[in-house]
Amino acid sequence: MGKKYGKTEVQVWTPLIGFEKNDEDKGAKRMLDMMPFTPDVISAFCYHMDIILQHEGMDKEVILPPDMCSYYASERNGFRERQAWSNYDLRDLIKNLNAEGAEVYLNVMANRHDNHYHNEWIYEHPEIIYDVVDDKGAFNVFRRFKDGSYFEDFFIEKLCQTLTDYGFAGFLPTDLFCPMSWRINRGDYSGDMLDQFAMHTGIELPEDIKANLGDDCNENKARRGDWLWNEHRQEWIEFYAWRWGVFWKKVCDRVHAIGKKIMSLGVYCTDPFENYYCMGIDLKLMAESGVDGIVPNVVPTGMRLQHPDWRDPYYNYMYMLPMISAFIPEEKLITMLGVRDDTEEWDLIHHAPCSLERDIYNITGYMRKDKDGYKRCTDGFLVCLGDSLRNEDWQWIQERFDEGLFEGAQKSESPTVIWSDNGFYNLLPEYIKTKRWTTHKYLYEIANRGTLVNAVAKIENLDSVEEIIFVPNFDLLSEEEKKNIAAYNRGSVVCTAMKGFNPEEYGIKADISFCDNFSNYGAMAFAFNTEITDETRAEIEKLISVDDGQPNPMVDEVGEYECTILRETLMFTKVTEGFANAVALLVKNTGTELFTSNLPITAMKLKNGKYRICVSNPSYISYGYGVVSCKKPYKSVKSVSAYPVLPLKLLNAADQRVSFAQTVADGTQCHFRVKSTPGGMCIFEVEL
């Protein structure tokens with residue numbers, strides 16, 4: 001039995017093409033021998049839902065169709081051609097992986113392929129297809145059969161039988177299952193879902209809609225959608241969130257009763273609010289339903305390389321992780337790590353290793369401050385996909401895990417963002433009215449401008465925080481929470497709110513306050529308990545004094561969503577570039593930051609008295625040249641990451657010529673020179 005990695009949980013997502021069916025053990029040892037450790041879980045990506053829905057027991061051997069033997073029935077990967085697996089082969093593989101010490105989860109998506117590879121269950125039951133105004137989606141797991149019974153009840157029994165017969169330890173549904181295939185402003189507007197909505201909410205359907213619930217023509221669906229989205233948008237979103245909670249509670253109760261586990265994708269490249277508003281999933285309700293873990297798919301590098309015309313999504317994707325961790329802190333989060341996918345034809349470990357390295361370092365570096373100290377925002381990784389990775393690839397990944405997984409965090413020297421559940425739920429009606437920026441939006445916008453945070457704290461744990469804090473949407477907090485923030489005196493405080501809010505009502509004497517005066521629904525920012533230099537104050541005044549000329553639509557003209565959920569999906573009211581830059585500058589320059597740099601950095605004090613500094617390079621096409629300065633002299637500086645190799649150059653002045661720099665501190669240098677990898681991150685440990 002192989003040795004576990006141990007420092008964090010590691011799961012591997014792999015289709016059956018990753019194993020060699022003709023080996024005596026069905027390729028279990030062959031794959032595990034590629035890895036320097038035995039993963040805790042292997043998610044067997046059987047891909048098609050019909051592995052469950054068409055399962056008829058194990059009395060006879062049957063050959064599985066191509067779209068269960070590889071992802072999208074792909075013909076080959078980096079090692080072999082697709083093989084024809086039987087149900088007995090798969091059962092044997094699971095048994096052999098278990099013998100090597102790896103649990104195996106069944107993993108499926110909810111795609112449909114027009115019976116191209118086999119006769120699919122869904123086309124025999126089209127009433128379960130997700131129904132939108134002008135199209136059809138994949139499965140809607142909430143729908144009812146023609147006889148009025150619920151799909152979920154049928155599905156749960158088939159799932160339990162499948163897990164038991166094959167010997168799977170758990171179940172992980174991903175794309176198009178949870179979340180489902182369309183954003184909920186487009187449906188499902190079938191008569192079935194309208195009837196379920198009315199039964200749950202007690203809202204009376206208009207007579208013209210009620211009279212035509214049995215006719216799901218496009219005209220009727222469009223009428224239903226217009227009524228729901230315009231008249232009962234909040235209730236429609238809350239209904240979907242409730243429905244997911246009911247669904248997962250039923251699934252978890254039944255699956256747990258047979259000793260199996262449930263993981264779920266749960267989010268689709270979105271933060272908690274975007275997931276709530278666009279996909280109808282309340283992660284708190286989902287966690288409370290009993291799921292054993294959620295998989296945030298933090299995959300910015302893969303998205304950037306495949307969609308070069310998009311705005312760089314890096315921090316949009318990255319900051320979903322600390323937001324989710326703050327919202328559901330008790331839930332296990334196994335973060336997806338996009339490494340290589342032969343079917344989707346991207347390969348980060350060979351084509352963008354510096355950016356993949358930065359992905360790992362950021363994911364391992366985000367911390368949540370609780371009453372008992374810091375906890376990493378992720379509980380582990382789901383490596384996606386593992387079927388074509390070789391020995392040297394796995395060794396490279398482990399080395400980056402080793403470098404990123406540090407212990408002993410004591411105090412963030414970078415700002416800590418404060419999360420409020422009250423603020424989250426209060427945002428829904430406010431966003432509908434004003435399309436204001438969310439907490440997540442503020443975070444990735446200031447990050448895009450070079451101001452990074454690496455820690456989050458729930459407002460309930462404010463008493464344990466001793467850092468500079470950033471509180472977006474202060475006005476949406478509860479009255480008690482506002483008073484607690486106003487009384488905070490262990491560091492500088494930066495807040496945002498909508499224009500017209502008066503901090504003085506809570507006894508706050510702002511050291512600086514400014515508004516976005518060029519937006520119909522302008523925001524404001526203010527800071528207290530801080531030191532604002534004349535230089536910073538003048539720069540902020542300059543930034544907010546100019547309109548950037550962007551359109552300034554009314555709320556009903558802003559729109560709802562981008563074309564795809566993978567992009568920056570939510571639409572927002574105008575916020576001028578100057579105001580956004582001013583907020584980023586205020587968060588960066590407030591208080592008495594110990595470390596500064598011309599490159600984006602985060603810093604964490606460790607319990608051993610040293611500091612861990614992470615330096616990012618926003619440029620994907622050149623090395624980053626920077627200087628990290630400190631208010632105190634350096635005693636020592638060393639590289640933690642694999643690069644740079646040479647000793648660090650210590651400087652007597654930030655503009656000193658590097659060729660004359662020392663590599664051994666003499667107690668006077670307050671600067672060191674950084675050369676950071678293209679699109680990457682380098683980590684340093686310093687002692688003062």
Side-chain angles (χ1 to χ4, degrees), residues 1-47 51 58 61 64 68-71 77-80 82-108 162-172 255 258-263 292-293 295 332 334 336-337 339-340 342 349 379-402 405:
M1 185 174 290
K3 180 181 178 183
K4 301 289 186 181
Y5 177 59
K7 294 183 179 180
T8 193
E9 185 167 336
V10 180
Q11 301 187 11
V12 179
W13 189 4
T14 177
L16 296 186
I17 200 171
F19 300 95
E20 176 52 64
K21 189 195 76 168
N22 295 318
D23 286 359
E24 184 177 355
D25 68 349
K26 305 302 177 185
K29 189 173 187 301
R30 184 192 293 247
M31 170 169 274
L32 294 177
D33 281 350
M34 292 283 187
M35 306 176 194
F37 51 80
T38 299
D40 298 276
V41 172
I42 289 180
S43 278
F45 191 16
C46 297
Y47 178 60
I51 189 80
M58 305 296 277
E61 185 172 16
L64 301 176
M68 294 181 198
C69 296
S70 73
Y71 181 23
N77 71 352
F79 288 127
R80 63 184 58 82
R82 185 186 67 229
Q83 297 171 316
W85 286 71
S86 75
N87 57 337
Y88 286 5
D89 293 329
L90 178 54
R91 182 177 61 183
D92 290 345
L93 172 64
I94 295 166
K95 179 181 177 181
N96 294 325
L97 288 170
N98 288 339
E100 295 290 337
E103 287 191 322
V104 184
Y105 288 1
L106 171 61
N107 173 224
V108 298
T162 304
L163 297 179
T164 300
D165 286 352
Y166 280 104
F168 288 109
F171 176 54
L172 171 60
V255 170
I258 62 169
K260 310 294 184 180
K261 296 178 182 177
I262 292 289
M263 298 280 292
D292 298 288
V295 180
K332 178 192 281 190
I334 302 295
M336 190 183 299
L337 180 68
V339 176
R340 173 173 175 162
D342 288 347
I349 198 165
D379 295 290
F381 289 95
L382 175 64
V383 177
C384 169
L385 294 169
D387 59 294
S388 283
L389 299 180
R390 301 176 184 272
N391 300 72
E392 59 270 25
D393 300 327
W394 283 110
Q395 188 62 46
W396 187 95
I397 290 169
Q398 178 176 306
E399 288 171 1
R400 272 63 193 175
F401 284 173
D402 289 342
L405 290 162

Value rounded to 0.5 Å, distance of CG in Asn98 from CD in Glu103
7.5 Å
Does a sphere of radius 6.0 Å around NZ in Lys261 hold more than 12 heavy atoms from other residues, nucleotides or ligands, not counting ones at 6.0 Å or beyond?
no
Specify the closest pair of heavy atoms between Ala28 and Leu97, including all atoms of both residues, with the distance to one decimal.
CB-CD2, 3.6 Å
So do the side chains of Val108 and Phe171 get within less than 4.5 Å of each other, counting heavy atoms only?
yes
Is Phe168 close to Leu90 at the side-chain level, that is, under 4.5 Å between some pair of heavy atoms?
yes
Measure from the side-chain N and O atoms of Asn77 to the backbone N and O of Phe79, and report whether any donor-acceptor pair falls under 3.5 Å.
yes
With sequence neighbours excluded, what pairs up with Arg91 under the side chain to side chain contact (heavy atoms under 4.5 Å, CB included) test?
Met58, Tyr88, Tyr166
Measuring only between side-chain heavy atoms, which start at C-beta, is Glu9 closer than 4.5 Å to Val41?
yes
To the nearest 0.5 Å, atom CZ of Phe37 lies from atom NZ of Lys4 at 10.0 Å
Does the pair Phe401 and Lys7 meet the rule for a side chain to side chain contact (heavy atoms under 4.5 Å, CB included), with working shown?
CA-CA 8 Å; Phe401 284 173; Lys7 294 183 179 180; over 6 Å; no
When rounded to the nearest 0.5 angstrom, what distance separates CZ in Arg400 from CD in Gln395?
10.0 Å
Side chain to side chain, Trp394 and Val12, heavy atoms closer than 4.5 Å
yes
Heavy-atom pair with the smallest gap, counting every atom of Ala102 and Pro39
CB-O, 3.6 Å
Exercise: identify the closest heavy-atom pair between Leu16 and Cys69:
CB-O, 3.5 Å
Roughly how far, to the nearest 0.5 Å, is the CG atom of Asp40 from the OG1 atom of Thr8?
8.5 Å
Measure the OG-CH2 distance between Ser43 and Trp13 for me, rounded to the nearest 0.5 Å.
8.0 Å
For Ser388 and Gly78 the tightest heavy-atom approach is OG-N, 3.0 Å
Ignoring hydrogens and geometry, is there a side-chain-to-backbone donor-acceptor pair from Asp387 to Ile17 under 3.5 Å?
no
Between Leu389 and Met34, does the side chain to side chain contact (heavy atoms under 4.5 Å, CB included) criterion hold? Intermediate values first, please.
CA-CA 8 Å; Leu389 299 180; Met34 292 283 187; over 6 Å; no
Identify the heavy atoms of Thr162 and Ile51 that sit nearest to each other, and give their distance.
CG2-O, 3.8 Å
Side chain to side chain contact (heavy atoms under 4.5 Å, CB included) for Phe381 and Ile397? Distances and angles first, verdict last.
CA-CA 11 Å; Phe381 289 95; Ile397 290 169; over 6 Å; no
Salt bridge present between Asp92 and Lys26 (N-O < 4.0 angstrom):
no
Closest contact, heavy atoms only, Asp25 versus Asn96:
O-ND2, 2.9 Å
Donor-acceptor pair, side chain of Asn391 and main chain of Asp33, under 3.5 angstrom:
yes
Would the number of heavy atoms belonging to other residues, nucleotides or ligands and lying under 6.0 Å from CD of Glu61 be above 12?
yes
Ring pair (Phe, Tyr, Trp, His ring centres under 6.0 Å) partner of Phe45, chosen from Tyr105, Tyr71, Phe19
Tyr71
What I'd like to find out is whether the side chain of Met263 reaches to under 4.5 Å of the side chain of Val295, using heavy atoms alone.
yes
For Lys21, I'd like to know if atom NZ has over 12 heavy atoms of other residues, nucleotides or ligands within 6.0 Å.
yes
Any heavy-atom pair between the side chains of Asp165 and Asn87 that's under 4.5 Å?
no
Answer whether the closest heavy-atom distance between the side chains of Asp393 and Arg390 falls below 4.5 Å.
yes
Mind checking whether Leu385 and Asp342 have side chains closer than 4.5 Å, heavy atoms only?
no
Separation between CG (Asp292) and CD1 (Ile334), nearest 0.5 Å, reads 11.0 Å
With no hydrogens and no angle check, just 3.5 Å: does a side-chain donor-acceptor pair link Gln83 and Glu20?
yes
Test Asp89 against Leu64 for side chain to side chain contact (heavy atoms under 4.5 Å, CB included), laying out the working first.
CA-CA 10 Å; Asp89 293 329; Leu64 301 176; over 6 Å; no
With a 4.0 Å cut-off on N to O distance, would you call Asp379 and Lys332 a salt bridge?
no
